[in-house]
Each structure stands twice: as structure tokens, then as C-alpha cells.
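Just so you know, ligand 1 is whichever comes first in the structure, and atom 1 is the first atom listed for that ligand. The model shown is predicted, which means the values in this text are computed figures rather than measured ones.
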Amino acid sequence: MSKDKPWGGRFCQPTNKFVEEFTASIDFDKRLYSQDIRGSIAHARMLGKQGIIQKEDVEKIVEGLQGILSEIEAGRFDFSIALEDIHMNIESKLSGKIGEAGKRLHTGRSRNDQVALDIRLYLKDEIIEVSSYIDMLINSLLTQAESNIDLIMPGYTHLQTAQPILFSHHMLAYIEMFKRDKSRMKDCLERMDQLPLGAGALAGTTFPIDREFVAEELGFASVTRNSLDSVSDRDFAIEFISAASIIMMHLSRLSEELILWSTSEFKFIELSDGFCTGSSIMPQKKNPDVPELVRGKTGRVYGNLIGLLTVMKGLPLAYNKDMQEDKEPIFDSVDTVKGSLKIFADMIREMKVNPDRMRQGAAKGFSTATDVADYLVRKGLPFRDAHEIVGKAVAYSLSNNKDLPELTIEEWHSFSDKIEQDIYDSITLEASVNARKAIGGTAKECVKREIERIKAGR
Ligand code: ARG
């Protein structure tokens, strides 16, 4: 008999042992214990207020649940696989402790709306955490930008030298990405901020419940408007993992640059020893494990996103047991994105830059070719003609083993008589960078202005 199960009434034979293990989620959903208890306390208070259960029962329930919370937190709670999930583990423990009153808690509620509530409560808290981790990383990037405000490095397209840029501008590019990530998290939080409890199993409940009261108790902005959707919706989790995937994508791009910049070929930066490891065979090695691992972990979070999308695909309304598979990808994404953001915040703050190497890199590769073309445009030439002329000068320099600043004025004249002595001042690294001063450009004055905007929270 399945009399030990809260749903055992209609069963004559016990659950197959392996089925019990196979269908249980307690091993992972025990992580929702505090949300489950919070939700149950609010539900019980509402049942009492509405006269659906006795006030004395509410008191016993609340006290019992608080006791269970302390037991779990002290590691004194025995989770049982036979009781399937966190919801039944807690409920059955409560009935064991306080008897009759405990058995009244589930009035007007189902595990379907209960689990939907628990995940929303959990993710709402985690989103706030994730956002604060994003802030930590933004601060580290900002510190790097401010303490290296004048540092010039090569900017790339196709990973080929393109134009000189400020290192601080490069740091601020990542800040823009992480600011968007924060706003995506905020967005996702706003849409998730609806109480699903009260949907019952799928159709609502026959009891005169007050959903708005529960929403208020639990800090939800509003209540969901359709009971079927309330128990079958996991969009909010998919949105969260999708926003987390974009964070990881950004971190993986930064990872790739840090890995590249740490090579002996680049030597633009050095990560502090605390964030690297050595090799068991090659004594000289200092490997950028942290960015490599974060780049790798990006794959996990993408996997979680595709996994959950696939779990939800084609599911008929309303709740289906398939949806129990939502939790592990959610938890794993939370852990991965928080861990990655945190370790990056610390690592970036401690990162050392190598101004000489960056400057040398910026000076190579005809990085100021566009500046010569722009110079000719200012002297009256159409841009396309200027581009052609500078292209020829580059080809000439390449075959003569020179870079543009090394061409003599006579050599320049052979390409255009519009070029005068002042060309040399136009193609220094500083001139190149500081000439780009429209909003969003790499000029120092722009970067400084953007730093102020970021600090002012704009
Ligand atoms: N452990 C279940 C889950 O995570 C809770 C909901 C179960 N509902 C049900 N009707 N079996 O999805």
C-alpha cells in the first residue's frame, strides 16, 4: 500500500522502488526549502484570514514550518526519496509534528502552483544577486579604465590591427555589455514578478482565497491572470537562462581576449598568480585557467537554455511531469553565472597591464592609415580617392619595410602633393585616438565623459 504517500489513497500497491528513485526530485529541489516554507506560511495566513481554516491552526502551521526551517538549516532534517520532492517532504514532516492542522495546509493549493511559486521566489532573489555580481565586475572594469586612462593599445577587426584605441575605451566596451545584461535581468524580473499560487492544480480553486493578499505577503507586484498558464508557464526561467547565456557569451569574449593578451606573443597583460595555474611537466608555464574555464562554462549555460527550451517544447497544457526537469538547468545556470561573474570581478581588479607592449602593438600594422586618408579629406579630397592614395602608400611602405610615420616628406609627395609637413602630427597615436571625439569615440575626452556617466549610473 502507498499509505505513506500524501497521494496514496487511490493506490493499492506500493510504488516500484526504482520508480520512486527515478521520479523523485528531492535530491535537487531541496534547494527550494526556504521558498517553499515562505510560500506555505503566506498561504496558511491567507487561509486563516479568509476563514478557510481556523486561526489556531494557522498558528500551529506557522510555528511548525519555522521549526522545520531551523531543522533544515541546522542539517537535522531527513529528506526522504519516498516523499518525492521538497513540497511533500516538508508537508509530511509538518503533519508529523503538529498533526491535524498540518494536514489542512494544502487546502486550495496544489503542488503545481506551489512549485511554480517556489521557482519564481527563488529566481527573484537570485536575479538581485546576479545583478550585484554584475555591478562588482563593472566596478573592476571601471577601476582598470580609470587607472589606465591614457594607455593606448591596438584596436582590431578580424583580429588584424585596425586603429589605435584607448585601453580604457576597450574596458568600457565590456561595461556597456554588462550594463545591458543588468537591464535584461531587470526586465526578466519584472515579468516574473507575478504570483502563480491560487491556480490550484490547473483550474483554480473552489475556496474563497485572496490571491492579492498572498502576493502582498510574498512581495509580488501582481498575480497571474490565467490558472492554466500559471502552472504550465516556465517562460520566466527560460528568459533567465537566456539572459544568463548572454552574460556568459560576454564573459567568454572577454576570456578569449585575456587568454590571447597573456600569451608571450602579445604580453599585453599579466593575470595575477592567484588566478593561474602551472603545468605538471613544463616548469615555465603559467596558464590562464580561469578565463579558459569560464569560456568553457559558457557551453554549460547554453546547454541549459537549449535543454529547458526542449523540455517545454510541445508540452500540452497544463502541468506535466516533464517540467520537473526545469530545476537542474535553472540551478546550474545560477551557480555558473554567479561563480563566473564573481571570479572575473576579482581577477580583472588584480590584472596588470603592460603599457609598452600595448603601445608597440598600436604603433605597428599601419594603424594610422585611416588618419592619413582623413587628413587628405580635410585637404579637400573625396574619401574614396584618399583611400586609394593611402592604399598605395601602404603597399609602397610594405615593400620598403617601413611604417607610415617613417615615410619622408618626399615619399609622401610622390603619393599626393596635398600632403604637407603637418602630416606627421596627424598620425601620432595620440592624435589618432584623440581625433575620434564624437559621442562613443575613443578620444580621451569622450572616454572620461563616459566614465562619469557610468559612475553617475546613467
Ligand atoms: N516535483 C514536482 C516538480 O518539480 C512538483 C510538482 C508535482 N506535481 C505533480 N502533479 N506531480 O515539477
Side-chain angles (χ1 to χ4, degrees), residues 2 4-11 14-16 18-40 42-43 65 68 72 77-95 103 105-126 192 195-206 224 226-238 240-241 304 307-334:
S2 286
D4 53 331
K5 303 268 198 275
W7 41 253
R10 65 100 67 215
F11 287 77
T15 319
N16 171 302
F18 184 60
V19 168
E20 205 166 79
E21 255 176 62
F22 190 80
T23 55
S25 52
I26 187 64
D27 276 349
F28 47 87
D29 68 13
K30 58 177 168 222
R31 210 167 144 164
L32 296 172
Y33 73 89
S34 70
Q35 290 79 11
D36 200 70
I37 290 173
R38 254 161 81 198
S40 289
H43 180 66
L65 286 170
I68 293 174
I72 298 178
F77 190 97
D78 254 340
F79 293 102
S80 141
I81 288 205
L83 289 168
E84 217 175 300
D85 56 26
I86 187 64
H87 325 295
M88 294 202 298
N89 266 270
I90 291 177
E91 195 195 324
S92 133
K93 180 73 172 203
L94 183 69
S95 304
K103 293 199 260 172
L105 168 63
H106 212 51
T107 313
R109 179 178 82 168
S110 144
R111 271 188 299 155
N112 298 349
D113 54 351
Q114 191 178 354
V115 71
L117 169 67
D118 291 3
I119 311 172
R120 284 186 194 235
L121 282 171
Y122 167 81
L123 276 177
K124 277 182 64 182
D125 288 346
E126 290 297 348
M192 161 179 331
L195 174 92
L197 200 70
L202 75 164
T205 172
T206 57
T224 54
N226 180 293
S227 62
L228 291 171
D229 179 52
S230 307
V231 290
S232 57
D233 169 36
R234 290 295 180 272
D235 291 4
F236 59 90
I238 293 171
F240 170 79
I241 305 180
N304 293 336
L308 186 54
L309 280 169
T310 312
V311 165
M312 296 308 295
K313 175 186 177 295
L315 285 188
L317 302 188
Y319 177 84
N320 300 271
K321 184 77 166 182
D322 314 44
M323 290 161 69
Q324 181 167 286
E325 288 290 305
D326 62 355
K327 279 157 218 71
E328 288 156 296
I330 294 174
F331 295 150
D332 186 69
S333 301
V334 166

Exercise answer, ligand 1 polar atom pairs (N/O) under 3.5 angstrom:
| residue | atom | partner | partner atom | Å |
| --- | --- | --- | --- | --- |
| ligand 1 | 1 (N) | Ser25 | OG | 3.3 |
| ligand 1 | 1 (N) | Asp85 | OD2 | 2.9 |
| ligand 1 | 1 (N) | Gln324 | OE1 | 2.8 |
| ligand 1 | 4 (O) | Lys327 | NZ | 2.6 |
| ligand 1 | 8 (N) | Asn112 | OD1 | 2.8 |
| ligand 1 | 10 (N) | Asn112 | OD1 | 3.1 |
| ligand 1 | 11 (N) | Arg111 | NH2 | 3.4 |
| ligand 1 | 12 (O) | Tyr319 | OH | 2.3 |

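Using a cut-off of 4.0 Å between Lys/Arg side-chain N and Asp/Glu carboxylate O, Arg31 and Glu126 are scored as not salt-bridged. Between Arg234 and Glu325 there is no salt bridge, since none of the side-chain N atoms of the basic residue sits less than 4.0 Å from a carboxylate O of the acidic one.
Side-chain atoms of Asn112 and Leu202, non-hydrogen and from C-beta on, never get closer than 4.5 Å to each other.
Listed by chain and residue number, nothing satisfies the side-chain contact (heavy atoms from CB on, under 4.5 Å) test with Lys313 (two or more places apart in sequence, or in another chain). With sequence neighbours left out, Phe236 forms a ring pair (Phe, Tyr, Trp, His ring centres under 6.0 Å) with no residue at all. Looking at residues two or more places apart in sequence or on another chain, you find a side chain to side chain donor-acceptor pair (under 3.5 Å) between Asp118 and His87.
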